[in-house]
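For reference, the structure is listed below as structure tokens.
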Number of protein chains: 2
Amino acid sequence: MGEVMSLRERTRGAVRDEVMRQAWALFASQGFEATTIDQIAEAAGMSRRSFFRYFESKDELVLEQLAESGRAVAAALAARPAEESPWVALRAAFDESVTRMEANAEKSHPLQVMLHHEPALRSTVVEWRRRLVGLLSPLVAERLEPRRGRGADVRAAAVTASALACLDAAQGAWALDDDLRLSTLLDQAMGAVAPLD
Amino acid sequence: MGEVMSLRERTRGAVRDEVMRQAWALFASQGFEATTIDQIAEAAGMSRRSFFRYFESKDELVLEQLAESGRAVAAALAARPAEESPWVALRAAFDESVTRMEANAEKSHPLQVMLHHEPALRSTVVEWRRRLVGLLSPLVAERLEPRRGRGADVRAAAVTASALACLDAAQGAWALDDDLRLSTLLDQAMGAVAPLD
DNA sequence: GCCTTTTGTGGCACTGAGTGCCACTTTTGG
DNA sequence: CCAAAAGTGGCACTCAGTGCCACAAAAGGC
């Protein structure tokens, strides 16, 4: 992980960070769809054309933001004891992220509201979920009884995608009513699908 | 259901059907993203502007195609015995659609391949799933133990979305390898999440 | 049958995302 | 110092989608 970055790479990273900051400030005040790339580029002090040299689409600004929590979930899942069932391990793996979201709800809650209420972001959320399934399902596969067929395991993909569907349902409910506790909602959601013992 | 349609409504319906037919012919030969609305409009003998008077977006051409099977699933779910658990009832409700897809695989399989491999269609598939959750989760809610809180039930949304995630995983695997049986894949997918007895 | 009102239609100009190309400047490294 | 590489802005383009307008066709009252 201790990769030596050239000056170019470091400046590029810094510029990306700055663009992200400006973009999220605009998203927070205007919403995602209402914010144009011209506005973001102007706020970041670059041309529209240059923006696209740092991010290949507006969606990527959101995807990158979500990616970090994805890596955290993957790490948490890998750290769970091997005897734990996939469903229980996934619930536990989500816990760190969920706790963090409840802790700084002032930031997380508006983000969830935005993610669940802006139609333009739905496809982005789903793309993130796709990536997360790719990241998590190999780890889930290890916890399933070994099987006959060759090729990727449908079961692992199904279990992972189901768990993420539950997380999504819980976050959606939380977006509608922040008096509820996200962790409780997730317990209810996942518990209704399969036992969490 | 025996609604009397005016001439206007009937012609409108006929035009919509014709546009759909032309559009799907183009999708089949070129793919979804590569087909422009100008091409569809021209094939259907109308201007681009008029196309948008019949369909509000290119996605709607796909959504409408999927909508029918959605209604079938909802009807099948409503027809299942009330004692059946939500998960088993959902598996059974999918069965009719799944069987139909396996039966005329020459049409269904390429469609699934297209739905799962064209990035531009992912958001459309998800929008369809959203609508299906809205349609099915009230029916699922009836099969869950009544609960305390008010407002929509997270559990019903979670169970429904999880089942649809399994269906999606099964269809995705089927899209990659049509030697496998879709019904078997769905059994594996849903069975891995929760027992199907 | 005529006349008014509604509905459908095409055209045009616009926004907004995203891309290809080109010319110019800056940085890098020999 | 000088040449190659990388970064930048501008321009013109495609494609989805929208608002507006003028015009043709159909509907319905009389």
Side-chain angles (χ1 to χ4, degrees), chain A residues 4-20 22-24 26-27 29-65 114 118-127, chain B residues 4-20 22-24 26-27 29-65 114 118-127:
Chain A
V4 184
M5 278 179 144
S6 71
L7 174 60
R8 275 221 154 94
E9 282 167 323
R10 273 180 289 131
T11 31
R12 181 174 170 85
V15 172
R16 272 182 73 100
D17 288 355
E18 174 63 8
V19 174
M20 286 273 282
Q22 298 293 340
W24 280 96
L26 288 163
F27 293 163
S29 70
Q30 304 180 335
F32 177 79
E33 190 158 25
T35 302
T36 70
I37 291 184
D38 295 75
Q39 291 176 332
I40 300 169
E42 196 191 339
M46 61 174 59
S47 71
R48 168 196 170 63
R49 195 68 191 81
S50 284
F51 169 87
F52 282 108
R53 291 198 178 93
Y54 286 95
F55 296 93
E56 58 179 32
S57 70
K58 216 164 100 174
D59 289 21
E60 203 185 322
L61 293 163
V62 180
L63 242 23
E64 179 136 328
Q65 192 80 351
M114 185 171 133
E118 292 233 28
L121 279 174
R122 279 181 207 145
S123 61
T124 314
V125 172
V126 169
E127 177 57 25
Chain B
V4 184
M5 278 178 144
S6 71
L7 174 63
R8 277 225 154 92
E9 282 168 323
R10 271 180 290 131
T11 28
R12 182 175 169 83
V15 173
R16 272 182 73 101
D17 288 355
E18 174 62 9
V19 174
M20 286 274 283
Q22 297 294 340
W24 279 96
L26 289 164
F27 293 163
S29 69
Q30 305 180 335
F32 177 80
E33 190 158 26
T35 302
T36 69
I37 291 184
D38 295 75
Q39 291 175 331
I40 300 170
E42 195 190 340
M46 60 173 59
S47 72
R48 167 196 173 64
R49 197 66 191 81
S50 284
F51 169 88
F52 281 109
R53 289 195 180 96
Y54 286 95
F55 297 92
E56 58 179 32
S57 71
K58 215 164 98 174
D59 288 20
E60 202 185 323
L61 293 163
V62 181
L63 242 23
E64 178 137 327
Q65 193 80 350
M114 185 171 131
E118 290 233 27
L121 278 174
R122 280 181 206 144
S123 62
T124 314
V125 172
V126 169
E127 178 56 24

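Below, chain A is the first sequence line, B the second, and so on; all start at residue 1.
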Main-chain N/O of B/Glu118 paired with B/Glu33 side-chain donor or acceptor, under 3.5 Å: no

Taking every non-hydrogen atom, the tightest pair across A/Leu61 and A/Trp24: O-NE1, 3.4 Å

Least distance between heavy atoms, B/Ala41 atom then B/Phe51 atom: CB-CB, 4.3 Å

Touch class at under 4.0 angstrom, heavy-atom based, for A/Thr35 against every strand present: sugar-phosphate

Closest approach of B/Leu63 to B/Thr124 (non-hydrogen atoms, all atoms of both residues): CD1-O, 3.5 Å

Touch class at under 4.0 angstrom, heavy-atom based, for B/Tyr54 against every strand present: sugar-phosphate

Gap between atoms CZ and P, on B/Phe32 and D/dC15 respectively (whole Å): 14 Å

Minimum-distance pair of heavy atoms, taken over all atoms of B/Tyr54 and B/Glu60: O-OE2, 4.4 Å

Sorted by number, the residues of residues 37-53 of chain B with heavy-atom contact under 4.0 Å to DNA chain C: B/Met46, B/Ser47, B/Arg49, B/Ser50, B/Arg53

Atom-pair distance (CG on B/Asp59; C1' on D/dC15), nearest Å: 14 Å

Interatomic distance where CZ belongs to A/Phe55 and P belongs to D/dT8 [whole Å]: 13 Å

d(CD, A/Glu33; P, C/dG16) in whole Å: 11 Å

Least distance between heavy atoms, B/Ser50 atom then B/Met46 atom: C-SD, 3.9 Å

Separation of D/dT18 C1' from B/Glu56 CD (nearest whole Å): 12 Å

Per-nucleotide protein contact string for nucleotides 25-30 of chain C, where B marks a base within reach and S marks sugar-phosphate only (heavy atoms under 4.0 Å, - for neither): ---S--

Worked verdict on A/Phe52 versus A/Ile37 for side-chain contact (heavy atoms from CB on, under 4.5 Å): CA-CA 9 Å; A/Phe52 282 108; A/Ile37 291 184; 3.3 Å; yes

Closest heavy-atom pair and its distance - A/Lys58, A/Phe32: NZ-O, 3.2 Å

